[in-house]
Q: 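Quick one: structure below, then a few questions.
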Number of protein chains: 2
Amino acid sequence: MNKNLIKEFINIAGAEYVLYEEVDRQAYSYDAAVLTPQIPALVVMPATQEQLGKTVKLAYKNSLPITVRGAGTNLSGAVIPSSAESVVILTNRLNRIIEINEQDLYAVVEPGVITSVFAEAVSTHGLFYPPDPGSQTVSTLGGNVALNAGGLRGLKYGVTKDYLMGIEFFDYNGDLIKTGSRTVKCVTGYNLGGLMLSSEGTLGVFSQIILKLVPPPKASKAMMAVYDDINKASETVAAIIAAHIIPCTLEILDKKCLKYVEAYTKAGLPTEADAILLIEVDGNHLQGVEEDAEKVMELCKKCGATNIKVAKDEDEKHKIWEARRNALPALARARPTTVLEDATVPRSKVPAMVAAVNRIAKKYNLEIGTFGHAGDGNLHPTILCDRRDKEEFKRVEAAVDEIFDTALNLQGTLSGEHGIGMAKAKWMEKETNRATIEFSKNLRRALDPKYLFNAGKKIL
Amino acid sequence: MNKNLIKEFINIAGAEYVLYEEVDRQAYSYDAAVLTPQIPALVVMPATQEQLGKTVKLAYKNSLPITVRGAGTNLSGAVIPSSAESVVILTNRLNRIIEINEQDLYAVVEPGVITSVFAEAVSTHGLFYPPDPGSQTVSTLGGNVALNAGGLRGLKYGVTKDYLMGIEFFDYNGDLIKTGSRTVKCVTGYNLGGLMLSSEGTLGVFSQIILKLVPPPKASKAMMAVYDDINKASETVAAIIAAHIIPCTLEILDKKCLKYVEAYTKAGLPTEADAILLIEVDGNHLQGVEEDAEKVMELCKKCGATNIKVAKDEDEKHKIWEARRNALPALARARPTTVLEDATVPRSKVPAMVAAVNRIAKKYNLEIGTFGHAGDGNLHPTILCDRRDKEEFKRVEAAVDEIFDTALNLQGTLSGEHGIGMAKAKWMEKETNRATIEFSKNLRRALDPKYLFNAGKKIL
């Protein structure tokens, strides 16, 4: 990149906060997706919202592709630089929690705030921010909005979309656009915040976010139900919802996951089981929660659970959830490459989806472990492989194709929470239609005429 | 309108379903806002989604402004035809509930389905669709989405935005655009459904909507708390939220409203009170609900309620809510013109807002009754007047200006649920900024290049 242009970025952020040596830029060439890295031309780390706006304006004016990055945990390539000319804008220094308002149940944050840091701060005010994506200890709230991040609590508490009250973002002119409010209800102007959700960095650069907070549940009960047949576990999921109990969390791990998680954590998991369900019910009244837990246990037994272990205290509950939160790290140890998908289906189709994934694994002779949010149909079939083995990787790609096809045939969707990024853009038309792709491109072109905001992602 | 063009519309919808005589078109010249009516050129009533798409395509091709109308209950002029050349497209014949899925907790509907008809159908399946705008017995789900309709249950259960899972709509080419899914979590493509929410008919014409359903609460308790000072009522609202109790409903009526509602309903309301709160708590366990109700009553007493009447049964509960639901009809009897506003503030600012409205009423010598959703800060100051009295109406307009200014100064927003329509478009820049208006116009232009979708509404 032209030295004078680099100087202009330095004038905004300071010399320490503009990376131009290749060795420094390399760290920002990839994300958590299994895709080819791309070293950007420059990495800039603004400290303030004002510096952020100026950085966007300068990059756009000079026709540089822009990729905004928080922690880079994205699983679909949304944070891989578009080209060698790209500027990566890091949000990590924009990490201020500006306000936590207990009376009016909202918080105002900068986009680089880490999710779990925010959730912790909120809890010290006696409040609760539920969305808990798997990456929460490192991922940022800006990234959460850009991907409409979900997590384990989605079934009962919703996802990031249900907590976004307002947002300020820079458009391609570097102008600050304001939408939403500190109020629960707001229909002033277009729902631009809604548009920014799951836009994957293609429509604007977030500067400040208003998030809804809720009172925390006062009681909860967690349990693990063990099954000798994964279909019985899936049926239990359906039965719980049919009984109109909405657990805070309702997760599944299959036999393969159990094997790897136990090897990693040595937590005493039932590795002989075909599947386990991890269930947490919560609410505002202990007796109500205990009644719900009783009902859930009855349903598990009725559907064929061979064992049910209820957590006696916080420690045991924590252990149960660690098993789930370690699913991906544990699986990732198995082989050099971990392909994590999140094709999502209506929950009544979870049994069919699970069966299909197993069939696909056999068909392509691949090792696939499935875990995920059984309660909302958002499963994570995880393919353990080595992408350097080109023959095997061809089979992986074919398997992924078939997993998507299956989800679509079951009236599902390509992605429940990880996003489209680069990885899934080519299937978009299959799920929608040509007109939808053209409409989306048209929308994108209006908000990014030079096609610089994360080019090559989301909608091609 | 050219007779040949009328024939083309008739070819789509049938002769009975195209209104071209002026006497027929007049009924579609106004909505519930206090604004000048505009008789459209034509009114078309398609029966199917296919006819709807063809109607949109034909109108757009012939450069006719298009206003989509369900029941016309809009309070900000969003359904008043833009000009004498307008085509009004009625959705009333698109009233099919296509699917109610109990297992996967969603429903698929056409836009002309009436909200309360839908809610009733859902309840026969043992499920619950919470958003309950005041107009629910006549307004349509398509209108609800276009306005992100709220209602009394917004505080606990959210608004239409929290229930929209997917939508299909016709763009300006008459092509069908598909977004969202039958799954709880979906980040495939842009959040176009989110963009359609509160778009007030300016970005596309809805064809089919997927809505989330939830299990119904199993128990509830309703009460009326009476106050000799409206500030004590406002303080009670804050105290309830601070105690982390989120009632299903938390409504306020001031003295003026009480007077008119009692004259209308003769329900035995305490007309000597300065204000009443109508509160309903609900949940899945009777004991928990009773505990919450006890706490709420304590808080009401602590904050100075002079009397609390708890509904003993469904009938009494129904009576309590009728008082609230009759607020607008009762006030509307007082004078020929009822100007209903919904400037919204954070709930901690409700006392200040209420005081300001009373001050403004005195300043401009107007009769203003205030009722509304105290729990979420969405109040409805209602000005009783006669717009034929030009001098008085000048004072009304000045008062409305000042109500908006006050809301904005209290970090609130122009509209919590009624929309911007024609009525509030000029204040949009005050709440946001010039760049936001230009950004929105740019967006709108991309999705409606000929400026035909409800021209003159939302963003000018």
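Proteins get letters first, then strands, A, B, ... in listed order; numbering begins at 1 in each. Given the structure is predicted, the values throughout are model-derived calculations rather than measurements.
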Q: Taking L447(A), V187(A), D292(A), L127(A) one by one, which has the highest count of heavy-atom pairs under 4.5 Å against chain B?
A: V187(A)
Q: Under 4.5 Å, counting heavy-atom pairs only, tell me which of I420(B), D175(B), D342(B), I437(B) racks up the most with chain A.
A: I420(B)
Q: Checking K161(B) side chain against K185(A) main chain: does a donor-acceptor pair fall under 3.5 Å?
A: no
Q: If I measure from the heavy atoms of chain A, does K424(B) come under 4.5 Å with its side chain, its backbone, both, or neither?
A: neither
Q: So which of L195(A), I241(A), D376(A) has the largest heavy-atom pair count under 4.5 angstrom toward chain B?
A: D376(A)
Q: Below 4.5 Å from any heavy atom of chain A, which atoms of E168(B) appear? Answer side chain, backbone, both or neither.
A: neither
Q: How about L105(A) and I246(B): do any of their side-chain heavy atoms sit closer than 4.5 Å?
A: yes
Q: Measure the spacing between OH of Y172(B) and CZ of F439(A) and express it to the nearest 0.5 Å.
A: 9.5 Å
Q: Need one label for N148(B): side chain, backbone, both or neither, based on atoms under 4.5 Å from any heavy atom in chain A.
A: both
Q: Side chain, backbone, both or neither: which part of L410(A) has an atom under 4.5 Å from a heavy atom of chain B?
A: neither
Q: When heavy-atom pairs shorter than 4.5 Å are enumerated against chain A, which of T179(B), V214(B), T432(B) gives the highest number?
A: T432(B)
Q: Check each atom of V159(B) against the heavy atoms of chain A and say whether the ones under 4.5 Å are side chain, backbone, both or neither.
A: side chain
Q: Looking at A435(B), A446(B), G288(B), G194(B), which has the largest count of heavy-atom pairs under 4.5 Å with chain A?
A: G288(B)
Q: For the candidates I177(B), L147(B), V345(B), which exhibits the highest count of non-hydrogen atom pairs separated by less than 4.5 Å from chain A?
A: I177(B)
Q: Considering only heavy atoms and a distance below 4.5 Å, find which of L176(A), N284(A), N101(A) pairs most often with chain B.
A: L176(A)
Q: Just wondering, are more than 12 heavy atoms of other shown residues or ligands nearer than 6.0 Å to NZ in K57(A)?
A: no
Q: Side chain, backbone, both or neither: which part of S199(B) has a heavy atom under 4.5 Å from chain A?
A: both
Q: Does any backbone or side-chain atom of Q411(B) lie under 4.5 Å from a heavy atom of chain A? Answer side chain, backbone, both or neither.
A: both
Q: Would you mind checking which part of F128(B) comes under 4.5 Å of any heavy atom in chain A, side chain (CB onward), backbone (N, CA, C, O), both or neither?
A: neither
Q: Below 4.5 Å from any heavy atom of chain B, which atoms of I459(A) appear? Answer side chain, backbone, both or neither.
A: side chain
Q: Please look at H244(B) and chain A and tell me whether the side chain, the backbone, both or neither of the residue comes under 4.5 angstrom of a heavy atom of that chain.
A: both
Q: Mark yes or no for whether S415(A), through its side chain, and T188(B), through its backbone, hold a donor-acceptor pair below 3.5 Å.
A: no
Q: Is there a side-chain contact between H285(A) and Q287(B), using heavy atoms and a 4.5 Å cut-off?
A: no
Q: Who wins among A425(B), G189(B), P216(B), G419(B) for the most heavy-atom pairs under 4.5 Å with chain A?
A: G189(B)
Q: Select one option (side chain, backbone, both, neither) describing which atoms of L286(B) are under 4.5 Å from chain A's heavy atoms.
A: neither
Q: Check whether S181(A) gets within reach of chain B through its side chain, its backbone, both or neither, counting any heavy atom under 4.5 Å.
A: side chain
Q: With rounding to the nearest 0.5 Å, note down the distance linking CE in M428(B) to OH in Y190(A).
A: 9.0 Å
Q: What part of L197(B) is in contact with chain A, defined as an atom under 4.5 angstrom from a non-hydrogen atom: side chain, backbone, both or neither?
A: both
Q: Quick one: of R444(A), E200(A), R434(A), H418(A), who has the most non-hydrogen atom pairs under 4.5 Å with chain B?
A: R444(A)
Q: Could you check whether S198(A) and N191(B), counting side-chain N and O atoms only, form a donor-acceptor pair closer than 3.5 Å?
A: no
Q: Please classify the contact of L213(B) with chain A as side chain, backbone, both or neither, using a heavy-atom distance under 4.5 Å.
A: neither
Q: Highest number of heavy-atom pairs under 4.5 Å with chain A: which of A242(B), S440(B), G377(B)?
A: S440(B)
Q: Under 4.5 Å, counting heavy-atom pairs only, tell me which of L443(A), N173(A), D162(A) racks up the most with chain B.
A: L443(A)
Q: Below 4.5 Å from any heavy atom of chain A, which atoms of N442(B) appear? Answer side chain, backbone, both or neither.
A: both
Q: Between the side chains of T183(B) and T413(A), is a donor N or O closer than 3.5 angstrom to an acceptor N or O?
A: no
Q: Is a donor on one side and an acceptor on the other found under 3.5 Å between the side chain of D104(A) and the backbone of S348(B)?
A: yes
Q: With only heavy atoms counted, which part of Y163(A) is less than 4.5 Å from chain B, the side chain, the backbone, both or neither?
A: neither
